[in-house]
Amino acid sequence: MALTRIDRDGEIAVITIDNPPVNALSQALRQDLWDAVAALDADPSVAAVVLTCAGRTFIAGADVTEFGKPPQPPHLPDLVDRIEGAAKPWIAAIHGSALGGGFEVAMGCRFRVAARGASVGLPEVTLGIVPGASGTVRTPRLAGVQAAVTLVTTGKPVRAPAALSMGLVDALADDLVPEAVAFARDALTRPLPAPVSARAIAPVDDAFWTEAEAATRKAAKGAEAPLRALACLRRASEVAFPEATAFERQTFMDLRGSEQAAALRHVFFAERAAPRPARLRDVAPRKLAHVGVIGGGTMGAGIIAACQDAGLAVTLIERDDEALARGVANLRAIHDGAVSRGRLTADAAAARLDTLTASTDYAAIGACDLVIEAVFEQIDVKRAVFDALGRHARADAVLATNTSYLDPRDIAQGLPHPERFIGLHFFSPANVMRLLEIVPVRNTAPDVLATGFDLARRLGKIPVQSGICDGFIGNRILKRTRAEAEALLREGVPIAAVDAAMRAHGMAMGPFEAQDLGGLDIAFLQREGARAAGQDIPETLGDILVRAGRKGQKTGGGWYDYAPGQRKPMPSAAVAALLSPHLAPDPGMAPEAIARRIIGAMAAEGQAILDEGIAASAADIDLVKIHGYGYPRWRGGPMFQQSRVNP
Ligand code: 3H9
């Protein structure tokens, strides 16, 4: 079936690509376009060609599903050159997104006209590769080296108006195809500009590259592609077009088969599959316009900010006026932070506080379509909240608990209309962290579950459904991770060596530094609670520290010492003395071996979670680690890594 169609508007040919869902440049599409160039060149009645796309977007890039296989001709760089070299000028008419190979095709055209709402970009580094069809060579010829460096090394697309001012597109349009045709007709009345490949690049000095490399290395946090892309841009600014494209192509081919690219592709597809579980395909979510949040602590305020950022109306309920004032202050602090980082205007922040309904009276919850409980992690407190919600919330309102460790079934006991109950587990700070664990109970109605996924979509979060177990998916793996880290200590591996190994693996922090930041006491109290309830939980090394008053940074020390007001961890003689009776001599374990042990433990727990049906897929578990616990995206997640060791 043809993936392109050619229509005529007088002497202008309009070629429309129709390759759903995103017009990706599959081999068949490349072949169609390849043939179209020859056919249109051969037609004496055609003066110019407008290239446009059907569906929701312009070409979104190379077909990522082809990356695991050997490249098939016609190759994209050759196609881009062929379009540029056509006897008739091609004009790209861009709507939606022109990304990666899609934007490279557009740069092969003599002109680019974009719908006002369109965006263009080169996101290849987010897939662990570099642009492979001259993106690093043509972009600086259009927009200059500086803009090209930002575009290519971050992978972030730019909106059409910005693209126009950068020189990446030539005109904006409201009615895209007719205006692109008119643009083409007008362009034919003047001499054509040089093809992009024949344009010069304004030189930059060595200092620019030194600075760009330092900035790129810092932002990449271990990912290889951004630095390789920068090297391509540098080469492009120093050598002639053919040499630069050859260098880029070689880099692309090197990275295409790399472990990082495989990992990032895995995450790419996992993120696209997560929001659309097959079992909800035909289930419509409930109406969701107004969210109630019970509790304005750190978590509650973060949830409110996330909902407000998504344009949802919010009602906050607190137990008394004092707590309510604290909740509003917590929310104000979040919005003020966004203003100071330039993410929100002061007016918008003020409007969010003005439009918040804040009350100590549960009657106010009657307006809400969804209510999220985010109060203290204690069963009696939570039960009292749901007792009040049972009386005041609408019978069709979805009622959610944000518990991290309690059994949602216990929280929901006795709730009228139990089919509207669900667990929605946010991660702190809830307005920043992208993970949302969605925990249905046996009674949860399918449209209530679908509403949880709809909330995630609206908040821009990654939803992962979890069954019920201690800690759900994320915190259960965290517990196992900490246990493995302690096991390493008992074998004599120094605390700082474990943390350094995990940082070298790409984590923002090691397991012990992270505990010092969050506080050792929460997990300690849980263990104590379980011991009091008769469970046999052996003493951990963390217990020894908490009993000695070392609860983390907030007490001046935990696994490490901290100078007053400082966050830099320093090895602690006191900790060494407390723990030495429990530790073997240092075995001198290599950092890679330490990381392997910890990742192996994460993956083993993940496998148990899968075997028990708690998670639907290994990819979901990887998303939990990446979006809830700072696991490096370019590693693909512990399940992916383990699958590469034991395929
Ligand atoms: C590249 O171009 C390399 C070149 O430089 C060099 C080559 C030599 N391929 O995201 P959505 C699927 S690298 C295959 O939910 P939206 C996706 O899996 C590429 N499939 O839609 C999903 O499938 P399903 C650089 C793709 O409207 C469906 O399309 N390009 C591709 O929310 C819908 O996706 C990129 O990195 C693809 N390239 O957002 C762009 N893209 O329905 C990546 C998507 O079966 N894509 N699919 O689950 C995007 O950013 C978004 O898809 C886009 C639309 C913004 C376009």
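Every number for a ligand or one of its atoms is a count from 1 in the order of the listing. Since we're looking at a predicted model, the values are computed, not measured.
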Worked verdict on Glu248 versus Thr136 for side chain to side chain donor-acceptor pair (under 3.5 Å): CA-CA 7 Å; Glu248 180 198 73; Thr136 65; 2.7 Å; yes
Kindly print each ligand 1 N/O atom paired with any protein N/O atom under 3.5 angstrom away, one pair per line, or none if nothing qualifies.
unit_1, atom_1, unit_2, atom_2, d
ligand 1, 2 (O), Ala62, N, 2.8
ligand 1, 2 (O), Gly101, N, 2.7
ligand 1, 5 (O), Glu104, OE1, 2.8
ligand 1, 5 (O), Glu124, OE2, 2.4
ligand 1, 5 (O), Gly132, N, 3.1
ligand 1, 9 (N), Val64, N, 2.9
ligand 1, 10 (O), Arg272, NE, 2.6
ligand 1, 21 (O), Arg56, NH2, 2.9
ligand 1, 27 (O), Arg56, NE, 2.8
ligand 1, 27 (O), Arg56, NH2, 3.2
ligand 1, 30 (N), Ala60, O, 2.8
ligand 1, 38 (N), Ala62, O, 2.9
ligand 1, 48 (O), Arg276, NH2, 2.6

Taking atom CZ of Arg116 as the centre, report whether more than 12 heavy atoms of other residues, nucleotides or ligands fall under 6.0 Å from it. yes
Which pairs count as side chain to side chain donor-acceptor pair (under 3.5 Å) when at least one residue sits in residues 155-166, sequence neighbours excluded? none
Any salt bridge between Glu259 and Arg635, counting N to O under 4.0 Å? no
Kindly list each side-chain donor-acceptor pair under 3.5 angstrom involving residues 267-275, sequence neighbours excluded, with atom names and distances?
unit_1, atom_1, unit_2, atom_2, d
Glu271, OE1, Arg633, NH2, 3.0
Glu271, OE2, His627, NE2, 2.7
Glu271, OE2, Arg633, NH1, 2.7
Glu271, OE2, Arg633, NH2, 3.3
Arg272, NH1, Phe268, O, 3.4

Quick one: which residue pairs count as a salt bridge (charged side-chain N to carboxylate O under 4.0 Å, His left out) with a foot in residues 59-71, not counting sequence neighbours? Arg30-Glu66
